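Some notes on the structure that comes next.
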Amino acid sequence: MRSQGLAPAAGQVLVRLEASGICHTDIHAANGDWPVKPSPPFVPGHEGVGIVEAVGDGVAATLVGTRVAIPWLGHACGECSYCVSGWETLCEQQRNTGYSVDGCYAEHTLADARYVVPVPDAVSSLDAVSSLDAAPLTCAGVTTYKAVKVAGVRPAERVAVFGIGGSGHLALQYARIAGGFTVAVDVEDDKLALARDLGADHTVNARTADPVTAIGELGGADVAIATAASPQSFQQAFASLRRGGRLVCVGLPADGVLSIPVFDLVLKGISVVGSIVGTRQDLTEVFALHAADRTRVIAETRKLDDVNDSFAEVLSGAVPARLVIEF
Ligand code: NAD
Ligand code: ZN
Ligand code: ZN
């Protein structure tokens with residue numbers, strides 16, 4: 001395979017990609033949905049997994065041949081107050097893979113050696129972390145693992161996950177690992193069937209039933225994790241909380257504005273927090289959980305040439321949780 005003349009600069013690795021997940025963020029990027037726009041032309045993709053083929057100056061040669069994941073956080077300064085306090089995902093100097101720097105919808109890409117994360121070797125069939133599984137874990141996995149941490153889910157709390165796509169199907173599993181009872185909300189029956197298969201305690205189709213009423217009948221949610229790219233779904237997630245509840249916002253809908261009644265917020269003691277991806281350490285933990293057979297990645301493969309059709313498939317809602325480009 002050609003590396004298209006890419007040569008790693010100091011501190012970089014050249015990676016031959018094996019798999020690259022299609023995150024809904026890539027669709028927002030292509031559409032220019034967000035206030036901060038990428039500058040075309042650019043290569044999207046931030047769920048890249050592949051083999052290091054070459055290293056630049058200052059990078060250990062032993063990295064060559066290693067399987068690594070290339071996440072959204074492509075680079076951070078390593079020195080600011082956020083970076084040194086474990087919040088590198090908030091670094092103001094960060095560069096984002098497949099958005100502000102070229103990403104992983106390619107046979108080869110360059111990445112900052114310090115921000116790629118080693119993918120554990122497949123030791124046996126039980127604890128294998130294949131590239132096809134590792135790709136969705138690299139954004140959808142780490143993002144929702146972090147969201148569950150940020151929510152501080154405690155055993156026996158009720159966790160409502162809004163949107164059971166790439167992110168949501170993993171959010172459900174991390175909420176269960178934390179000991180929560182789960183409610184899955186989506187607008188597609190197939191996604192809800194998948195949620196039940198993954199152990200969801202309750203499901204609600206938001207197209208045919210009001211999730212606020214349905215979750216209210218269960219006693220309300222202690223935690224709501226909003227992953228759907230739908231502003232209305234955020235309103236419903238907020239309104240489904242019981243007193244003391246926490247809303248963790250993960251999805252990034254175009255023109256996403258959340259209208260919050262201050263009275264309810266205050267009197268019910270509700271917290272609302274945004275959660276952006278996760279750190280390298282979080283991703284290492286996500287891989288460890290998967291290697292220990294504690295999570296399942298539901299995905300199908302596609303070819304790079306079909307990426308536009310794949311975007312349309314994701315938007316139609318008729319895909320398994322994740323599509324992954326296989327090289
Ligand atoms: P996805 O397309 O795989 O999943 C979205 C799911 O939401 C689908 O199952 C869809 O059927 C469902 N849905 C759509 N409308 C709904 C509604 N009204 N109510 C309930 N469910 C509904 O998307 P994804 O890759 O999981 O990404 C979701 C969002 O999260 C995107 O906006 C993406 O940009 C964002 N995201 C944020 C972060 C972060 O760090 N905060 C990381 C990754 C993705
Ligand atoms: Zn993503
Ligand atoms: Zn920093």
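Just so we're clear, the structure is a prediction, and the values are computed from it rather than from any experiment.
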C104 and side chain to side chain contact (heavy atoms under 4.5 Å, CB included): which partner among I325, T138, V15, T97? T97
Check R322 with E300, please: is the shortest side-chain N to carboxylate O separation under 4.0 Å? no
Is it true that V314 and Y105 fall in one hydrophobic cluster, defined by side-chain heavy atoms closer than 4.5 Å? yes
Heavy-atom closest contact (A206 atom, V185 atom, distance): CB-CG1, 3.9 Å
Here the ring pair (Phe, Tyr, Trp, His ring centres under 6.0 Å) pairs for residues 172-193, sequence neighbours left out, are Y145-Y174
Are I27 and D33 side-chain neighbours, meaning at least one heavy-atom pair lies under 4.5 Å? no
Please step through ring-ring contact (aromatic ring centres under 6.0 Å, His included) for the pair W34 and Y99, ending with a clear verdict. CA-CA 11 Å; W34 296 340; Y99 209 88; 5.6 Å; yes
So, using side chain to side chain contact (heavy atoms under 4.5 Å, CB included) as the criterion, who are the partners of D309 when residues are at least two apart? none
Under 4.5 Å between any side-chain heavy atoms of P8 and V13, yes or no? no
V297 versus P136, closest heavy-atom pair with distance: CG1-CG, 3.6 Å
Would a hydrophobic clustering, with Ile, Leu, Val, Met, Phe, Trp and Tyr connected at side-chain separations under 4.5 Å, put V212 with F162? no
Donor on one side chain, acceptor on other, H75 and N96, under 3.5 Å: no
With clusters defined by side-chain heavy atoms of hydrophobic residues (ILVMFWY) lying less than 4.5 Å apart, directly or transitively, does V307 cluster with V319? yes
A side-chain contact here means heavy atoms from C-beta on lying under 4.5 Å apart; do V148 and I225 qualify? yes
Determine the minimum heavy-atom distance between E47 and C23, stating which atoms define it. OE2-CB, 4.3 Å
Non-hydrogen atoms of V64 and E53 that approach each other most closely: CG1-O, 3.8 Å
Quick one: does V324's side chain get under 4.5 Å of S20's, heavy atoms only? no
Take a 6.0 Å sphere around OH of Y82 and say whether it holds more than 12 heavy atoms from other residues, nucleotides or ligands. no
Could you check H108, E18, R16, E107 and say which one makes a side chain to side chain contact (heavy atoms under 4.5 Å, CB included) with F327? E107
From L323 atom CG to F311 atom CZ, the distance as rounded to the nearest 0.5 Å: 10.0 Å
For the residue pair T203 and R196, confirm or rule out a side-chain donor-acceptor distance under 3.5 Å. yes
Between V49 and S131 the two heavy atoms that sit nearest each other are CG1-OG, 3.6 Å
Could you check whether any side-chain heavy atom of R176 comes within less than 4.5 Å of a side-chain heavy atom of L172, counting everything from C-beta outward? no
Do the numbers put K146 on top of the ring of W87, so that NZ or CZ is under 6.0 Å from the six-membered ring centre and no more than 45° off the axis? yes
Whether the N205 and D189 side chains hold a donor-acceptor pair (N or O, under 3.5 Å, no angle test) is what I'd like checked. yes
State, with a plain yes or no, whether a side-chain heavy atom of K268 is found less than 4.5 Å away from one of L241. no
Before accepting this row, confirm whether a basic side-chain N of the pair D112/R114 lies closer than 4.0 Å to the acidic partner's carboxylate O. yes
How close do G78 and V84 get, heavy atom to heavy atom, and via which atoms? O-CG1, 3.9 Å
Distance col, row S275:OG vs L247:CG, nearest 0.5 angstrom, shows 11.0 Å
Pairs touching residues 242-263 that satisfy side-chain hydrogen bond (donor to acceptor under 3.5 Å, both in side chains), sequence neighbours left out: E157-R246, D222-R242
Check this for me, if you would: do R302 and E326 make a salt bridge, where the nitrogen-to-carboxylate-oxygen distance has to be below 4.0 angstrom? no
More than 12 non-hydrogen atoms from neighbouring residues, nucleotides or ligands closer than 6.0 Å to CZ on R280, yes or no? yes
R296 bridged to D197 by N-O distance under 4.0 Å: yes
